[in-house]
Amino acid sequence: MTSLLSDIDLLAQPRINWTREEAGAIYRAPFNDLMFAAQSVHRKGHSANHVQTSQLLSIKTGGCAEDCGYCNQSAHFDTGLAASKLMPLDEVLSAAEKAKAGGATRFCMGAAWRELKARDEDKICDMISGVKAMGMETCVTLGMLSDGQAEKLRSAGLDYYNHNLDTAPEDYGRVISTRTYQDRLDTLARVRGAGIHVCTGGIVGMGEDEAARIGLLTELACMEPHPESVPINHLVGVANTPLGDSEPLDGIDFVRTIATARILMPKSMVRLSAGREGMSKELQALCFLAGANSIFVGEELLTTPNPEQREDFDLFQTLGIEPMAMPAAE
Ligand code: SAM
Ligand code: DTB
Ligand code: SF4
């Protein structure tokens, strides 16, 4: 076994000075060694059989000015998706009530924006405070933030801000041209500075090479402190987007990505995010064994399908997994 995986107590302590060589050695370790270490690290920091559930809502769909090569919502590609205006508050709150009744503990509101504009700030703050008042955790993903906006969102009751690095810095230009990696890091710094929990991860299965996956994981694992929440998305291929026809990532490589995330960021929640619709229950079970402990529930992600509630309930039953309870209010 690589010496990097032999001391579980050491691995269970977060560190932020990972090198790509170390991350690569973990990623490429014999599968059984990798899984054993990932599950051992997982048990040191998390409950073995509990998985957190978040539910997404697209509060503003389509027509986005960015050109992310994977996205259904970019105005640069003709995906056939109808664009909509910002959803009214009452519709957002009734969707949150439904999500809560279905068992989700966090409600994540996503807008297809390049950045949050001043004219929308108050409306978003009302959505956050309304969802918070229901006792759910709140999360939004609204694109880039400028000075002062994160503080405003935090005051409204925001718990998490999602903003993904998506891929390794050297792979970024292949995927997105309308903003830089540094733009993303700047927004994440604003989120962190305002005392909001950071949710950041990436997408795999968009034709990247193994080095790019390892590079993404290393970037995330060198953030200080580690992001509280790390979504690992598998590309949901969308017709007429530049990356829509990418070859799906081999399942074992996907599990290696999850296991490496778990080991590099031992205390973070690792979310098995987009792409579950195309995954067998055996592959999802391996992801949980590798240390994934969060999923998106509900039949839709933002604009693409997610497994039905019944299927996820059956999966949890089969595996003896309990959904995590709502955390106590802060
Ligand atoms: N516009 C905001 C932004 O990009 O930060 C928020 C919404 S955006 C849809 C949130 C994230 O969803 C992206 O960063 C990307 O990682 C993920 N995502 C988008 N389209 C996807 C797809 N087709 N498959 C998998 N993940 C996707
Ligand atoms: C994240 O990492 N994945 C979610 C959430 N953060 C916002 C979004 C997945 C979107 C999948 C494509 C769609 O449904 O449009
Ligand atoms: Fe816009 Fe976000 Fe889609 Fe990029 S991922 S095109 S920023 S909605």
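Atoms within each ligand, like the ligands themselves, are counted from 1 in listed order.
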Point to revise | Main-chain N/O of R213 paired to E208 side chain as donor or acceptor, under 3.5 Å | key: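 No: the side chain of E208 does not pair with the backbone of R213.
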
Exercise for review: Please check if the side chain of D67 supplies one atom and the backbone of S177 the other of a donor-acceptor pair under 3.5 Å.
Suggested key: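 Checked: pair present.
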
Review point. Counting heavy atoms only, which part of R179 comes closer than 4.0 Å to ligand 3: side chain, backbone, both or neither?
Key: side chain

Which residue and heavy atom of the protein sit nearest [atom], plus the separation:
atom	result
atom 4 (C) of ligand 2	F296 CE1, 3.6 Å
atom 13 (C) of ligand 1	Y70 OH, 3.7 Å
atom 6 (N) of ligand 2	N162 OD1, 3.2 Å
atom 6 (C) of ligand 1	T141 OG1, 3.0 Å
atom 3 (N) of ligand 2	N233 OD1, 2.9 Å
atom 24 (N) of ligand 1	V236 N, 2.9 Å

Min heavy-atom dist [X] to ligand 1 below 4.0 Å:
X	answer
A111	yes
H234	yes
L302	yes
G110	no
R184	yes

Check your understanding: So, is C71 placed with an N/O/S atom under 2.8 Å from atom 1 (Fe) of ligand 3, counting both backbone and side chain?
Key ->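 Short answer: no, not a single N, O or S atom is under the cut-off.
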
Practice item. Can you sort out which atoms of ligand 2 are near T303, meaning under 4.0 Å from one of its heavy atoms? Key: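 Numbered from 1, ligand 2 contributes 13 (C), 14 (O), 15 (O).
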
Check your understanding: Hey, does N164 come in under 3.5 Å of ligand 2, counting only N/O atoms on both sides?
Key -> yes

Exercise for review: Before signing off on this row, confirm whether L302 and ligand 2 have an N or O atom pair separated by under 3.5 Å.
Suggested key: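 By distance alone, the answer is yes.
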
Review point. Can you find a non-hydrogen atom of T141 under 4.0 Å from ligand 2?
Key: yes

Check your understanding: Among the heavy atoms of Y70, does any lie under 4.0 Å from an atom of ligand 2?
Key ->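 No, Y70 has no heavy atoms under 4.0 Å from ligand 2.
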
Review point. So, is C68 placed with an N/O/S atom under 2.8 Å from atom 4 (Fe) of ligand 3, counting both backbone and side chain?
Key: yes

Review point. Are any non-hydrogen protein atoms located under 4.0 Å from atom 2 (Fe) of ligand 3?
Key: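 Protein heavy atoms within 4.0 Å of atom 2 (Fe) of ligand 3 - there are none.
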
